[in-house]
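Read the structure below first, then the notes.
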Amino acid sequence: VIELDAESITIRRGSHHRSLQLTDIKNVSLDGTRLTLHTKASMEDAIMINPRRANDPSFRSLISALSQRLDASRGYGRTR
């Protein structure tokens, strides 16, 4: 389960969960069905594996929403 809001992303797998502030994410990479959230400093990267095919519409929607939230958290796209 993935929860995404304006300031953070939380990844839950069974009883384990990991939350990251969007400001702690340096960049994001996608390799097939593996989405990696590369973190800043000494934090461990977060990895999400899509259990479906690489072009799954739900996974693509997640990537798009994450991209928009990361851009917004960095101030990209704002006009004055």
Exercise for the section: Evaluate whether atom NZ of K26 has more than 12 neighbouring non-hydrogen atoms of other residues, nucleotides or ligands under 6.0 angstrom away. Expected result: no
Exercise for the section: Check whether any side-chain heavy atom of L37 lies under 4.5 Å from a side-chain heavy atom of L66, and answer yes or no. Expected result: yes
Exercise for the section: With the side chain counted from C-beta on, respond yes when T39 and Q21 share a heavy-atom pair under 4.5 Å apart, and no when they do not. Expected result: no
Handout entry: T10: side-chain contact (heavy atoms from CB on, under 4.5 Å) partners, not counting sequence neighbours
Key = E3, R12, H17, S19
Completion exercise
For L30 and G32, the nearest pair of non-hydrogen atoms, with its separation, is CD1-O, 3.5 Å
Exercise for the section: Taking the side chain as every heavy atom from C-beta outward, state whether I9 and R18 have any atom pair closer than 4.5 Å. Expected result: no
For residues 55-64, please give each side-chain donor-acceptor pair under 3.5 Å, one per line with the distance, not counting sequence neighbours.
{"unit_1": "N55", "atom_1": "OD1", "unit_2": "R53", "atom_2": "NE", "d": "3.0"}
{"unit_1": "D56", "atom_1": "OD2", "unit_2": "S58", "atom_2": "N", "d": "3.2"}
{"unit_1": "D56", "atom_1": "OD2", "unit_2": "F59", "atom_2": "N", "d": "3.1"}

Problem - Spacing of NZ belonging to K40 relative to CD1 belonging to I25, to within rounding of 0.5 Å - result: 9.5 Å
Practice task
Determine whether more than 12 heavy atoms belonging to other residues, nucleotides or ligands lie under 6.0 Å from atom CZ of R34.
Solution key: no
Practice task
Would you check if H38 and V28 make a side-chain contact, meaning some heavy-atom pair closer than 4.5 Å?
Solution key: no
Problem - With D5 via side-chain contact (heavy atoms from CB on, under 4.5 Å) - residues at least two apart - result: E7, S8
Exercise for the section: Let me see the working for I2 and M48 under side-chain contact (heavy atoms from CB on, under 4.5 Å), right down to the final yes or no. Expected result: CA-CA 9 Å; I2 298 169; M48 292 180 275; 3.1 Å; yes
Completion exercise
So CG of L70 and CG of L22: to nearest 0.5 Å the spacing works out to 5.0 Å
